[in-house]
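Take a look at the structure below.
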Amino acid sequence: MKLSEVTLTHHYADLGDAFGARIDPTPFEHPKLVHVNPAALELLGIDTSEARNPDTRADWARLGCGKQLFKGSRPFAMKYTGHQFGVYNPDLGDGRALLLGEMERGGRHWELHLKGAGKTPYSRFGDGRAVLRSTIREYLAGEALAGLGINSTRALCIVGSDEPVVREKIESGAMLIRVAETHVRFGHFEYFFYTKQLQALQQLIEFICRRFVPGTAGLPASAQAEALLRFTVRKSAGLVAGWQSVGFAHGVLNTDNMSIIGDTFDYGPYGFLDDYEPAFICNHSDHTGRYAFEQQPGVVLWNLNALAHAFSAFVDTETLRDCLEEFQPRLIDEYAALMRRKLGLEIEQEGDQKLCADLLQLLDEARADYTLFFRALAHYRGERPAATLGELVPAAQREALDQWLHHYDQRLAHEHSDSRHRNRAMLAANPKYVLRNYLAQKIIEAAEGGDYRPLQTMLELLQSPFDEHPDCERWAAAPPESGKHLPISCSS
Ligand code: AMP
Ligand code: MG
């Protein structure tokens, strides 16, 4: 399909006025196209050549900032609420983004959500804008997680502008079109529950069930609510298992930033671990470490509890508790499976969890780079000294490393496949490229100066992070000391 042929429908707006407000975007006066993501075009069934076609650049610039609307588009600000840092906030909603509509492809619906589109009834004191820095961070992060096989929203394009936007300093405004199968968050359900709009709550449960939870059509409200909660519990457990396995910290796990279908959602001050540091806090404003890396599993369960509370309108407490109890075993199983893959263990054995835990403890004590260590382990063939691995830990930890490798060798002896096969499988499970904060920062600085080439390069690396890309070795390097722990604020 050509870009000009895109036509949207809007099932969410069709749910009715209780769900939000019909609002037009406030476009930029002088939009300039920053980037179009061919991978997102592919999802949507738009010819990927439309990303680079010089004739469509002006169309992208207008569509990507709301100056022109896709056919069928009905920009709609969704109302939701949520728990932020543990406290209920009734005043949330799409304060700077508009749901434009959706496209269907092969039975899947893809919603387009224009972020940075101007004020809405839910903007509170905000300006309704987003800045180039934060749109680039969101754009890259979606591809980074998707490239690692972790569910995430994606993004179609970024459009920049010369419009000044005040954050900690003056930045330039930008918009991004986010793509996801749904933009419904835990907080949507909380809104209808806390405002006692139970009919709308039921309508929303039915809407999400129809799209995502097979076998629920025609069931009574209580059965649909239970099925949806079980579905979300399972999806969220899988999601957080994925984050923990790749070293991703979301940073702001409020219930309004949790997708009902378990996508990584609403990227702010997120971070990938450089050094393995379980207590890593990526969000500069998170003074208590509520959303520290190692807290994520517990916090996701806390959020599921908040969601379950909203479902208590239809489901009894005993059943809600039973649904939530699925979380922990599911998380442990999924995390263990992912870590076994990273360690190249195809069969499952009793001591595997301990082997993995011992390694993580070693990496923690050594402050070793998480990504580099596992990538190097994927090349390991039992050699002594284990030179490459040894270089990744300080001298004080080398003996502990040798001991761990000794146990690892013993464990590998139980595997049926040879080391070449294992190395190949491990290279497909341990990325060479991740979106490190210092790299994101360099890409943002280049883009702010009008150079979008680093953005293009990083996007390509993140879309195939397990490949070698020999010309891009330096993008795989650990950050310099000054590039670790960059303060990333919530402002976006
Ligand atoms: P976030 O911190 O991006 O998850 O947003 C939390 C809430 O604040 C949501 O309701 C957003 O829509 C709203 N919000 C964030 N930034 C802005 C802004 N610049 N203008 C208006 N609303 C905003
Ligand atoms: Mg948010």
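Both counts, for ligands and for their atoms, begin at 1 and track the order of listing. Position 1 is the first residue of the sequence, and the numbers go up from there.
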Problem set entry | Residue Asp266 atom name (nearest to the Mg ion (ligand 2); N/O/S) |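 In Asp266, the heteroatom (N, O or S) nearest the Mg ion (ligand 2) is OD2.
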
Exercise. Between the side chain of His250 and the main-chain N/O of Gln296, is any donor-acceptor distance below 3.5 Å?
Worked result: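 Not a single qualifying donor-acceptor pair exists.
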
What is the nearest protein non-hydrogen atom to [atom], stated with its residue, atom name and distance?
| atom | result |
| --- | --- |
| atom 7 (C) of ligand 1 | Arg124 NH2, 3.5 Å |
| atom 19 (N) of ligand 1 | Asp127 OD1, 2.9 Å |
| atom 12 (O) of ligand 1 | Gly95 N, 2.7 Å |

Check [Y] with [X], please: is the shortest side-chain N to carboxylate O separation under 4.0 Å?
| X | Y | value |
| --- | --- | --- |
| Arg230 | Glu326 | yes |
| Arg22 | Asp24 | yes |
| Lys32 | Asp162 | no |
| Arg167 | Asp127 | yes |

Could you tell me if any non-hydrogen atom of [X] lies under 4.0 Å from any atom of ligand 1?
| X | answer |
| --- | --- |
| Arg167 | yes |
| Gly93 | yes |
| Phe125 | no |
| Gly128 | yes |

Exercise. Quick one: does Asp94 get an N or O within less than 3.5 Å of an N or O on ligand 1?
Worked result: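 Asp94 vs ligand 1: no N/O contact under 3.5 Å.
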
Contact atoms of ligand 1, heavy-atom distance to [X] under 4.0 Å:
| X | answer |
| --- | --- |
| Gly126 | 18 (C), 20 (N), 21 (C) |
| Asn257 | 4 (O) |
| Asp266 | 4 (O) |
| Ser123 | 21 (C), 22 (N) |

For this session: Would you mind finding which of Lys79, Lys115, Arg129, Arg96 brings a heavy atom closest to atom 17 (C) of ligand 1?
Result: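 The residue whose heavy atom sits nearest atom 17 (C) of ligand 1 is Arg96.
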
How about [X] and [Y]: are their ring centres within less than 6.0 Å of each other?
| X | Y | answer |
| --- | --- | --- |
| His83 | Tyr88 | yes |
| His11 | Phe207 | no |
| Tyr139 | Tyr267 | no |

For this session: Measure Tyr80 to ligand 1 on non-hydrogen atoms and call it side chain, backbone, both or neither using the 4.0 Å cut-off.
Result: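 Under 4.0 Å from ligand 1, Tyr80 contributes side-chain atoms alone.
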
For this session: Measure from atom 5 (O) of ligand 1 to the protein's non-hydrogen atoms and state whether any distance is below 4.0 Å.
Result: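 Answer no: nothing from the protein, no heavy atom, is under 4.0 Å.
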
For this session: For atom 2 (O) of ligand 1, decide whether some protein heavy-atom distance is shorter than 4.0 Å.
Result: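 For atom 2 (O) of ligand 1 the answer is no, since every protein heavy atom stays at 4.0 Å or beyond.
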
Problem set entry | Enclosure of Glu5 CD (heavy-atom neighbours >12, cutoff 6.0 Å) |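 Yes, CD of Glu5 has more than 12 neighbouring heavy atoms, counting only those of other groups under 6.0 Å.
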
For this session: Taking all non-hydrogen atoms of both residues into account, name the closest pair between Gln224 and Cys209 and its distance.
Result: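 Looking at all heavy atoms of both residues, the closest pair is O-SG, 3.5 Å.
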
Exercise. At their closest point, which heavy atom of Trp110 faces which heavy atom of Val179, and how far apart are they?
Worked result: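 Heavy-atom minimum between the residues: CE3-CG1, 3.7 Å.
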
For this session: Decide, counting backbone as well as side-chain atoms, whether Asn257 has an N, O or S atom less than 2.8 Å from the Mg ion (ligand 2).
Result: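 Yes, within the cut-off.
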
